[in-house]
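Throughout, numbering of the chain's residues begins at 1 and tracks the sequence.
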Amino acid sequence: MKALIMNIFKNINIQSLDFTRIKKNFISHIYKLISESSIQILLPFFLIKFWGAANFGIWIMLNSISIILSLLLLRYNHSAQQAMTKELFQKNNYKRKIVYSNGLTLVLLNSLFFLVLCLILYLLATNSNTHLFNFLANADKGYYLATLILLFSIMIRYVVSFYYHSLYNQKGQLSTSVYIRNTLNFLSKISLIIYASISNDFVNAALLLLLFDLFEWIFFIYLNNKNKIPFTFDSKLISKTELFILFKKSIPNNIEIYINNIHAHIGILLFGYFFSEEIVSFIVTAKVLFYYFPYKIFNTINSVFYFEYAKQIFSKKYQYLTKIIQFQSVVIVLFLFIFISITYL
């Protein structure tokens, strides 16, 4: 195995790839993996300790409901990013501005629709005797309000995520968004743990997370002004043709998101409906240990190479694709070896 890996490294022409960028992006994603993994271990432990298994299970179910409803927020991040990356290497900045303006239009219109729908659902839920899930049947309106606030947080992250993809990730600067988002996410979850040691009010807990998301949006605006982003939104560039193209290109990614989220969260709600909140706590904790880590490790590796593939394809340097695949394969084999070794320790 060692000889095979060393032989592949020897045959890869390191000078042909921008390993400085790959290294920078890879380190940032390692940071993401460590911070997210730490939170996934600490959060269930301390929330169960401070809130109890039943309340933690309810909190998880409120988050699951929010995530399922957020599937109405169609993701245009990757379709816009790929289109802008293509125009970047074809040196067509005007076309990049067109893609950016139309992509942002789709995101803002979708956000407006989502906001109105959430408010309507909240009003219906708080003024109706119909309950979708048994744990909400005898609850006060605080559970509904907490869910509404969590939905607002998701909507803010949805908008900010588009900015990151279209202004930074499209030119390979993945580390910018990774460091900002994961640092704030880590701090928000640590703050939630501290708050949980004081109170079990779900509304205030959701408000705490919302404040961090609002701060990220404000910080992003500051970052843009400081870095002087070369192009801005232009309503004159909006066209039905461009909107449809971005929508069509986003369909595969949205289908993947639907499948992953439905698979992850419908099960949680069903367990909560047919069993109990304590069972939900147990299931979530088990998934963190036996499903989350392998998935996150390999997703982290793949995320780093998305831009590298796009760069070579749009630059029509197809001969370098083999070298990238070889390099990525080596990294995956190394991580798989490390993961298996740790598992059997």
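Scanning both residues, Ala206 and Trp59, for their nearest heavy atoms gives N-CH2, 4.0 Å. Shortest non-hydrogen contact noted between Ser111 and Leu73 is CA-CD2, 4.1 Å. Nearest heavy atoms, Leu151 versus Cys118: CD1-SG, 3.6 Å. Between Ala146 and Leu62, the closest heavy-atom pair is CB-CD1, 4.3 Å. Counting all heavy atoms, side chain and backbone alike, Asn102 lies closest to Leu237 at ND2-O, 3.1 Å. When all heavy atoms are compared, the tightest approach of Leu72 to Leu117 is CD1-CD2, 3.1 Å.
Contact of the Phe212 side chain with the Glu216 side chain is not registered, since no non-hydrogen atoms from C-beta on lie closer than 4.5 Å. Under the 4.5 Å side-chain criterion, counting only non-hydrogen atoms from C-beta, Leu208 is not in contact with Asn204. Using a 4.5 Å cut-off on side-chain heavy atoms (C-beta onward), Leu42 and Lys189 make no contact. A 4.5 Å side-chain heavy-atom check between Val107 and Tyr163 finds every atom pair outside the cut-off. Looking only at side-chain heavy atoms (C-beta outward), Leu69 and Leu121 come within less than 4.5 Å of each other. Between Leu243 and Ser239 there is no side-chain heavy-atom pair separated by less than 4.5 Å. Side-chain contact between Phe186 and Ile39 is present, with at least one heavy-atom pair separated by less than 4.5 Å. Contact annotation: the side chain of Ile27 approaches that of Tyr179 to within less than 4.5 Å [non-hydrogen atoms, C-beta and beyond].
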(request) Output, in order, the C-alpha distance, side-chain angles, deciding distance and verdict of side chain to side chain contact (heavy atoms under 4.5 Å, CB included) for Asn110 and Tyr76. (result) CA-CA 10 Å; Asn110 201 166; Tyr76 303 102; 4.2 Å; yes

(message) Assess the residue pair Ile221 and Trp217 against the criterion (side chain to side chain contact (heavy atoms under 4.5 Å, CB included)); give the C-alpha distance rounded to whole Å, side-chain angles, the decisive distance to 0.1 Å, and a yes or no.
(response) CA-CA 6 Å; Ile221 294 173; Trp217 197 350; 4.1 Å; yes

(message) Let's go through Trp51 and Ile58 carefully: what are the C-alpha distance in whole Å and the side-chain angles of both, what is the deciding distance for side chain to side chain contact (heavy atoms under 4.5 Å, CB included) to 0.1 Å, and is it a yes or a no?
(response) CA-CA 10 Å; Trp51 282 350; Ile58 293 174; over 6 Å; no

(message) For a ring pair (Phe, Tyr, Trp, His ring centres under 6.0 Å) check, start with the C-alpha distance between Phe114 and Tyr158, then their side-chain angles and the critical distance, and finish with the verdict.
(response) CA-CA 11 Å; Phe114 183 73; Tyr158 168 71; 7.9 Å; no

(request) Output, in order, the C-alpha distance, side-chain angles, deciding distance and verdict of side chain to side chain contact (heavy atoms under 4.5 Å, CB included) for Lys249 and Gln82. (result) CA-CA 9 Å; Lys249 289 182 177 180; Gln82 290 173 3; over 6 Å; no

(message) Please evaluate residues Glu36 and Arg181 with respect to the criterion salt bridge (charged side-chain N to carboxylate O under 4.0 Å, His left out), reporting the C-alpha separation (whole Å), side-chain torsions for both, the decisive distance (0.1 Å), and the verdict.
(response) CA-CA 11 Å; Glu36 287 185 344; Arg181 305 212 83 168; over 6 Å; no

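Of the possible donor and acceptor atoms, one in the side chain of Ser101 sits under 3.5 Å from a partner among the backbone N and O of Asp234. Here the side chain of Asn182 pairs no donor or acceptor atom with the backbone of Ser35 at under 3.5 angstrom. Remark: the backbone N or O of Arg75 is paired with a side-chain donor or acceptor of Asn254 at under 3.5 angstrom. Under the 3.5 Å distance criterion, the side-chain polar atoms of Thr183 are left unmatched by any main-chain donor or acceptor of Ile180.
Taking hydrophobic clusters as Ile, Leu, Val, Met, Phe, Trp and Tyr residues chained together by side-chain heavy-atom distances below 4.5 Å, Ile149 shares a cluster with Leu214. Hydrophobic clustering places Phe113 together with Ile156 (ILVMFWY residues linked when any side-chain heavy atoms are closer than 4.5 Å, directly or through intermediates). Criterion: ILVMFWY side-chain heavy atoms under 4.5 Å apart, direct or through other members. Under it, Ile98 and Phe162 are not part of a common hydrophobic cluster. No continuous path of ILVMFWY side-chain contacts below 4.5 Å connects Tyr94 to Met84, so the two sit in separate hydrophobic clusters. There is a path of hydrophobic side-chain contacts, each under 4.5 Å, that joins Val160 to Tyr222.
Within 6.0 Å of OH in Tyr31 there are more than 12 heavy atoms belonging to other residues, nucleotides or ligands.
Side chains of Ser191 and Tyr195: a donor-acceptor N/O pair is absent below 3.5 angstrom, by distance only. Counted by atom type alone, Ser161 and Asn77 present one or more donor-acceptor pairs between their side chains at under 3.5 Å. Counting only N and O atoms by type, the side chains of Lys97 and Asn93 include no donor and acceptor under 3.5 Å apart.
Note that the CG atom of Leu148 and the OG atom of Ser153 stand 10.0 Å from one another [nearest 0.5 Å]. Taking CG of Leu104 as the reference point, atom CG of Leu108 lies at 4.0 Å (rounded to 0.5 Å). Distance check, rounded to the nearest 0.5 Å: CG of Asn185 to NZ of Lys32 gives 10.0 Å. The structure places CG of Leu145 at 13.0 Å from CZ of Phe202, a figure rounded to the nearest 0.5 Å. One finds the CG atom of Asp213 at 11.0 Å from the CD1 atom of Ile218 (value rounded to the nearest 0.5 Å). Atoms NZ and OG, from Lys49 and Ser197 in turn, are 10.5 Å apart once rounded to the nearest 0.5 Å.
Taking the six-membered ring wherever Trp is involved, the centroid distance between the rings of Tyr144 and Tyr122 does not fall below 6.0 Å. Note: Phe56 and Phe50 fail the aromatic proximity criterion, with ring centroids not under 6.0 Å apart.
Between Phe219 and Phe215, the ring planes are parallel. Angles under 30° get that label, and only those over 60° would be called perpendicular.
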